[in-house]
K.L.:
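Submitted below is the structure of interest, expressed as structure tokens.
Within every chain, numbering begins at 1; the chains are lettered A, B, ... in the order of the sequence lines, protein sequences first and strands thereafter.
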There are 2 protein chains.
Amino acid sequence: MDNEFGQIKRVAHLPTRIASEFAKRIYDGSLKAGEKLPTEHALSKSFGVSRTVVREAIAQLKSEGLVETRQGVGAFVMKRPDRQIQLDDAKSMDKNDFQSLYQLRIPLEMEAAALAAVHHTEEHMAALSAALVRICNTEDWGNSGVAADLDFHRIIAESTGNDYFSQFVGAISDRISHVIVIARTEGQLEDVISRTVEEHTAIRDAIRTKDPVMARAAMRRHLIGSALRIGLSIEFYS
Amino acid sequence: MDNEFGQIKRVAHLPTRIASEFAKRIYDGSLKAGEKLPTEHALSKSFGVSRTVVREAIAQLKSEGLVETRQGVGAFVMKRPDRQIQLDDAKSMDKNDFQSLYQLRIPLEMEAAALAAVHHTEEHMAALSAALVRICNTEDWGNSGVAADLDFHRIIAESTGNDYFSQFVGAISDRISHVIVIARTEGQLEDVISRTVEEHTAIRDAIRTKDPVMARAAMRRHLIGSALRIGLSIEFYS
DNA sequence: ACTTGTAATGTTGTCGGACAACATGATAGG
DNA sequence: CCTATCATGTTGTCCGACAACATTACAAGT
């Protein structure tokens, strides 16, 4: 009987309870993007709390990106972010972080190329070729050049037919793109550009053959070359 | 001159401005975990706003997990979540989702094994062996058995010396663990258990040899076996 | 008929006061 | 030294008021 009176749970903070209630409805689809929430006055009546509590609940939901408010109009459910994966970007990335994330990118991109070889559609191939043209045609090897390059990789990930590859590769690309821009700006040579274009072309062509081993090897070759060009010390065991 | 009067920015919502100010200080390290924020009264004085605005700002910070409040005491900066990657878990995972995420897990876990072979310490090996003992000794193949299994994999990821592997593998494990529990509960045989234990042992031993190729192959063998045992249709191109 | 201006009404944003509930520290009594 | 009480401080909730914004309806002018 030594804990007969223990474990009495404190009643949760009212705004948090109300915010959770709405979060649940938003997540389970009962409340759709664009839908207007009841007014603060109505909510305070229906929940039997003061308007202050309602406002603090809405402040929480706003902070979570689930609703937005318009003064004089009301609170509206926001469109859920498509991205199922979020990479923390609060802290800027040092060289070591970048290398570590790039190391993790290697197996993902290689596997993505293999899966893309098996699962791509004609539309994917067309998009890949268009992205290749953008890589070749870029006049700014830094900013739009990197964007075109990473777009090529995103299309490959989409060609896998596996949404997780698409999302992980997308999230990683977003996180590393700024660093790659800097690395490229600091050392661009005509020889480097033509080699990069050649490597991307080889990947596109390998994927087209529908041979996952070849596609994977072409991506491996590119990633090795790319790492060397931007001065990374990456380990390749596959 | 067609947009001379456009782009007039509305002044931002006061609670959001104050919340952002504190978020910035928390992220840049000026405010450390455990530190107490000034009282609501002090904040309303120093920012020149009402207490309501301060409270709504704090509600936002609470929602973002940056601060916690204790009634009668104050608001405290929370320890930053270690996890730099978040996988959305609002929606439950169907068989297809699970297969897709498992497919993505394959290259990561194989590469992690290879890197662990190169970078592990004696402590990592001891932790791996202890996790192996927990796998062998589990009496509940479903719940604690899965936890022990995924712990083994997390330790391998930590042994890579690359924090991103640790975090990605951790995030994926958290997301799939519940599904694996169900899959295991639905079909456990003595033969399956001994085979799983043998595969984990082989991984541990291969990592110990410091040969990344062997470690990678042992992990591959286990992941193929594991996928077959839980009825997944996974592609292996590496 | 169309456009512009104004008024009325509704809704969110902010302010300030009051009290409840909790927490902490100091002091008195046993 | 330990326990109980009191005083003070802080967060949580409620309430009323007004500011700022938004929408709709109506009237006046062209």
K.L.:
Rounded to whole Å, how long is the line connecting atom CD of B:Gln60 with atom P of C:dG13?
P.N.:
10 Å
K.L.:
Could you work out which one of C:dT14, D:dG12, D:dC21 sits closest to the side chain of A:Gln71?
P.N.:
D:dC21
K.L.:
Between A:Glu158 and A:Arg154 (salt bridge meaning N to carboxylate O under 4.0 Å), is one present in this structure?
P.N.:
no
K.L.:
Rounded off to whole Å, could you give me the NZ-to-P distance for the A:Lys45 and C:dG10 pair?
P.N.:
14 Å
K.L.:
Let me know the distance between CZ of B:Phe76 and P of D:dT10, rounded to the nearest Å.
P.N.:
11 Å
K.L.:
Hey, which of these two, A:Gly72 or A:Pro15, hits DNA chain D nearer its 5' end, going by closest nucleotide?
P.N.:
A:Pro15
K.L.:
Would you tell me if any nitrogen or oxygen in the side chain of B:Thr69 comes within less than 4.0 Å of OP1 or OP2 on D:dG12?
P.N.:
yes
K.L.:
A cation-pi test, strictly: NZ or CZ of A:Arg204 under 6.0 Å from the centre of the six-membered ring of A:Phe152 and no more than 45 degrees from its axis. Yes or no?
P.N.:
no
K.L.:
I need the CG-P distance between B:Leu61 and D:dT11, as an integer number of Å.
P.N.:
14 Å
K.L.:
Specify the separation, in whole Å, of atom NE2 of B:His13 and atom P of D:dA20.
P.N.:
15 Å
K.L.:
With a non-hydrogen cut-off below 4.0 angstrom, is A:Leu14 in contact with a base, only sugar-phosphate, or nothing?
P.N.:
sugar-phosphate
K.L.:
Do NZ/NE/NH1/NH2 and the carboxylate oxygens of A:Arg17 and A:Glu21 come within less than 4.0 Å?
P.N.:
no
K.L.:
What is the nucleic acid contact for B:Thr39, judged by heavy atoms within less than 4.0 Å: base, sugar-phosphate only, or nothing?
P.N.:
sugar-phosphate
K.L.:
Are A:His41 and C:dT12 close enough that a side-chain N or O sits under 4.0 Å from OP1 or OP2?
P.N.:
no
K.L.:
Round to the nearest Å and state the distance from A:Arg55 atom CZ to D:dG12 atom P.
P.N.:
17 Å
K.L.:
Hey, are B:Glu109 and B:His153 close enough side-chain-wise for a donor-acceptor pair under 3.5 Å?
P.N.:
yes
K.L.:
May I have the distance from B:Leu37 (atom CG) to D:dG9 (atom C1'), rounded to whole angstrom?
P.N.:
17 Å
K.L.:
A:Val53 has a side chain; which of D:dT13, C:dT14, C:dC15 sits nearest to it?
P.N.:
D:dT13
K.L.:
Rounded at 0.5 Å granularity, tell me how far CD1 in A:Ile135 sits from CG in A:Leu128.
P.N.:
9.0 Å
K.L.:
Among C:dC15, C:dA23, D:dT13, which nucleotide has an atom closest to any side-chain atom of A:Glu56?
P.N.:
D:dT13
K.L.:
Select one nucleotide: of C:dG16, C:dG13, D:dC14, the one nearest the side-chain heavy atoms of A:Val49.
P.N.:
D:dC14
K.L.:
Expressed as a whole number of angstroms, how long is the span from B:Glu40:CD to C:dC15:P?
P.N.:
14 Å
K.L.:
Can you find a side chain N or O atom of A:Arg70 that sits less than 4.0 Å from OP1 or OP2 on C:dT11?
P.N.:
no
K.L.:
Examine C:dT14: is either OP1 or OP2 under 4.0 Å from a nitrogen or oxygen in the side chain of B:Ser50? Give yes or no.
P.N.:
no
K.L.:
Could you check whether the side chain of B:Arg51 and the base of D:dG12 have a donor-acceptor pair of N or O atoms closer than 3.5 Å, going by distance alone?
P.N.:
yes
